[in-house]
Protein chains: 2
Amino acid sequence: MSSTLLAVTEPESRQDRKRRTRQALLDAALDLLADRAMTGLSLREVTRAAGVVPTAFYRHFASMDDLGVALVEQCMRTLRAVLRRARRSGAAMITDSVAVLAEQVRAAPAHFRFLVRERPGGIPAVRAAIATELRLLAAELATDLGRLPVMAEWETDDLRMAADLMVSAMLATVMALVEAEEFDEPEVVDVAARQLRLIALGIERWRPETP
Amino acid sequence: MSSTLLAVTEPESRQDRKRRTRQALLDAALDLLADRAMTGLSLREVTRAAGVVPTAFYRHFASMDDLGVALVEQCMRTLRAVLRRARRSGAAMITDSVAVLAEQVRAAPAHFRFLVRERPGGIPAVRAAIATELRLLAAELATDLGRLPVMAEWETDDLRMAADLMVSAMLATVMALVEAEEFDEPEVVDVAARQLRLIALGIERWRPETP
DNA sequence: CCTTTCGGTGAACACGTGTACACCGAAATG
DNA sequence: CATTTCGGTGTACACGTGTTCACCGAAAGG
């Protein structure tokens with residue numbers, strides 16, 4: 001054990017250090033949320049897991065709700081990546097899209113679990129944040145759908161309806177994936193693909209009748 | 001204010017009284033869950049709202065988790081009523097089915113809110129209970145679908161897939177209904193009906209190819 | 001170099017919590 | 001009528017919580 005007392009690590013800018021502990025708090029929270037909901041998460045627990053004293057929390061967030069909203073932002077980035085990646089690898093291939101989704105869920109399960117768990121969850125601010133983000137995502141998907149040849153003539157209203165349905169199905173799949181043991185993940189993926197195919201079939205035959 | 005000290009209420013059998021306070025606990029919990037998740041609900045709060053001393057709780061439930069599972073049972077009865085009522089009033093009419101759902105949600109919002117909120121929620125026992133109940137419901141719906149002329153020749157596997165999709169859509173609708181202000185409930189109902197119609201269209205054209 | 005800024009500290013507080021325990025009184029049982 | 005059963009009571013305890021406050025030390029800024 002050498003005892004050179006020279007600074008072995010870079011001095012680290014002050015705002016860099018702040019960013020780091022802020023991220024540590026977010027990570028710690030996400031970790032603890034593996035088996036709990038945000039409601040059952042205490043400030044002290046988070047700071048303890050982040051290796052920081054309780055009062056330091058307030059240097060970064062006004063409250064746990066605040067941290068929750070920040071988590072929504074972070075996790076939503078991961079979810080949006082699914083759409084983006086699916087778009088690149090040929091939006092038409094349903095099987096591929098579902099595969100991308102499954103892959104992303106496997107890569108960052110905590111992010112997806114957080115979203116599906118807190119979506120109807122007990123914290124109004126978080127719930128609202130997720131809701132608006134999902135609305136945005138659905139709108140994005142709707143315009144994507146509108147660019148497909150089959151749906152070029154669709155009313156924006158119907159596009160939105162179809163997009164909402166697909167988002168619902170996707171979230172249900174996410175929940176199943178997050179809950180599933182890994183050995184029956186293929187089954188979940190298969191079912192999701194067939195469901196999407198069923199919807200696609202419906203889309204082909206849709207006509208905007210007014211019943 | 002007369003002061004006849006005669007027993008004005010029936011003596012009430014002992015197990016009747018027990019049932020009554022047990023139900024009072026369940027009702028109190030459901031009330032408090034209007035704006036909270038189960039994780040954020042304390043035993044003392046529930047007993048306070050039920051007009052009973054904390055320790056009395058244990059005469060009825062081993063823990064809050066236990067009470068949660070009991071709530072699942074109760075709320076699921078309400079949800080199953082939707083399927084039953086929809087079956088009676090002509091299963092073919094999509095519009096009617098959605099109307100029945102909306103009506104039931106309006107009649108007992110707390111029951112539905114509890115189910116959608118705790119489904120991915122933080123309490124394993126409750127989550128598991130809801131999951132199995134929903135599996136049962138989906139299975140039931142699958143056999144229902146199998147009786148329809150259009151789907152008579154379907155594989156049970158595909159029936160299950162379609163039923164799962166419909167349950168997912170239904171639960172998404174329930175969440176929207178529970179969250180929605182009453183004045184845009186018609187919009188939600190309309191979208192749900194169109195989504196179901198889209199699925200129905202897909203079903204008509206489905207053939208069990210193996211891709 | 002001196003001063004200010006500010007992320008992190010540690011002690012302290014009032015409070016709500018889950019649960020154990022001994023106890024009560026009336027319904028149930030003989 | 002005597003006894004047992006049992007739903008509900010009241011007290012008590014140890015514990016984790018959110019938030020307060022004054023304080024520290026080093027980076028940032030003049």
Side-chain angles (χ1 to χ4, degrees), chain A residues 5-29 31-33 35-71 122-126, chain B residues 5-29 31-33 35-71 122-126:
Chain A
L5 290 178
L6 292 171
V8 68
T9 58
E10 284 295 303
E12 198 173 24
S13 132
R14 191 138 82 175
Q15 65 173 336
D16 276 0
R17 169 135 188 92
K18 176 161 187 180
R19 241 191 289 270
R20 224 173 45 120
T21 59
R22 186 190 136 100
Q23 193 57 46
L25 286 168
L26 289 169
D27 291 349
D31 259 25
L32 293 168
L33 287 173
D35 45 3
R36 277 206 279 299
M38 272 225 69
T39 323
L41 199 58
S42 81
L43 183 149
R44 289 178 108 106
E45 235 176 337
V46 174
T47 57
R48 211 178 302 138
V52 146
V53 99
T55 46
F57 183 92
Y58 296 105
R59 303 296 185 189
H60 304 273
F61 305 101
S63 63
M64 280 291 280
D65 292 16
D66 198 21
L67 179 141
V69 174
L71 271 181
I123 298 160
V126 173
Chain B
L5 291 180
L6 291 174
V8 67
T9 58
E10 286 293 304
E12 196 173 26
S13 132
R14 191 138 80 176
Q15 64 172 334
D16 277 359
R17 170 135 188 92
K18 176 162 187 180
R19 241 191 288 270
R20 224 175 43 124
T21 58
R22 185 191 136 101
Q23 192 58 45
L25 286 168
L26 289 169
D27 291 348
D31 260 24
L32 293 169
L33 287 173
D35 45 4
R36 276 205 282 297
M38 272 224 70
T39 323
L41 198 58
S42 80
L43 183 150
R44 290 177 107 108
E45 235 176 337
V46 174
T47 56
R48 211 178 301 136
V52 146
V53 98
T55 46
F57 182 90
Y58 297 104
R59 304 295 185 190
H60 304 274
F61 304 102
S63 64
M64 282 290 280
D65 292 16
D66 198 20
L67 178 141
V69 174
L71 272 181
I123 299 158
V126 173

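Basis for what follows: all heavy atoms, side chains included, without hydrogens, waters or symmetry-related copies. In what follows, chains are A, B, ... by sequence order, proteins preceding strands, each numbered from 1.
Rounded to whole Å, the distance from CG on A:D16 to P on D:dA26 is 19 Å. The distance from atom CG of A:D66 to atom P of D:dG18 is 15 Å, rounded to the nearest whole Å. In this entry the distance linking CG of A:L41 with C1' of D:dG18 reads 14 Å, nearest Å. The CZ atom of A:R17 sits 8 Å away from the C1' atom of C:dG8 (whole-angstrom rounding). Rounded to an integer number of Å, the gap from NZ of B:K18 to C1' of C:dA26 is 16 Å. Remark: C1' of C:dG8 and CZ of A:F61 are 15 Å apart, rounded to the nearest angstrom. If you take CZ of B:R19 and P of D:dC6, they are 15 Å apart, rounded to a whole angstrom. The distance between atom CZ of B:R36 and atom P of C:dG16, rounded to the nearest whole Å, is 14 Å.
Of the residues near DNA chain D, B:R22 and B:R44, the one whose nearest nucleotide (by heavy atom distance) lies more toward the 5' end is B:R22. With DNA chain D read from its 5' end, the first of the two nearest nucleotides for B:R59 and A:R59 is the one closest to B:R59.
In terms of heavy atoms, B:T39 sits closest to A:G40 at CG2-CA, 3.4 Å. Looking at every heavy atom in both residues, A:A50 comes nearest to A:A24 through CB-O, 3.9 Å. In plain terms, the two heavy atoms of B:L32 and B:A49 that are nearest each other are CD1-CB, 4.1 Å. Across A:L67 and A:A29, no two heavy atoms sit closer than the pair CD2-CB, 3.8 Å. Taking each heavy atom of A:R22 and A:A70 in turn, the nearest pair found is NH2-CB, 3.9 Å.
Note that the two end axes of the helix from C:dC1-D:dG30 to C:dG30-D:dC1 enclose an angle of 20°, each drawn from 5 base pairs, rounded to 10 degrees.
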Hey, what are the protein-to-nucleotides 28-30 of chain C N/O distances that come in under 3.5 Å?
residue, atom, partner, partner atom, Å
C:dA28, OP1, B:R14, N, 3.1

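For A:T21, the side chain to side chain donor-acceptor pair (under 3.5 Å) partners two or more places apart in sequence, or in a different chain, are A:H60. Residues passing the side chain to side chain donor-acceptor pair (under 3.5 Å) test with A:D66: none are found, sequence neighbours excluded.
No side-chain heavy atom of B:L43 sits under 4.5 Å from any side-chain heavy atom of B:F61.
Annotation: salt bridge (Lys or Arg N to Asp or Glu O under 4.0 Å) contacts involving residues 42-57 of chain B, sequence neighbours excluded, comprise B:R36-B:E45.
To the nearest 0.5 angstrom, B:R59 atom CZ is 8.5 Å from B:K18 atom NZ. Rounded to the nearest 0.5 Å, atoms CG (A:D27) and CZ (A:R20) are 11.5 Å apart.
Near DNA chain D, meaning a heavy atom under 4.0 Å from it, residues 45-58 of chain A has A:R48, A:T55, A:Y58 in order of number.
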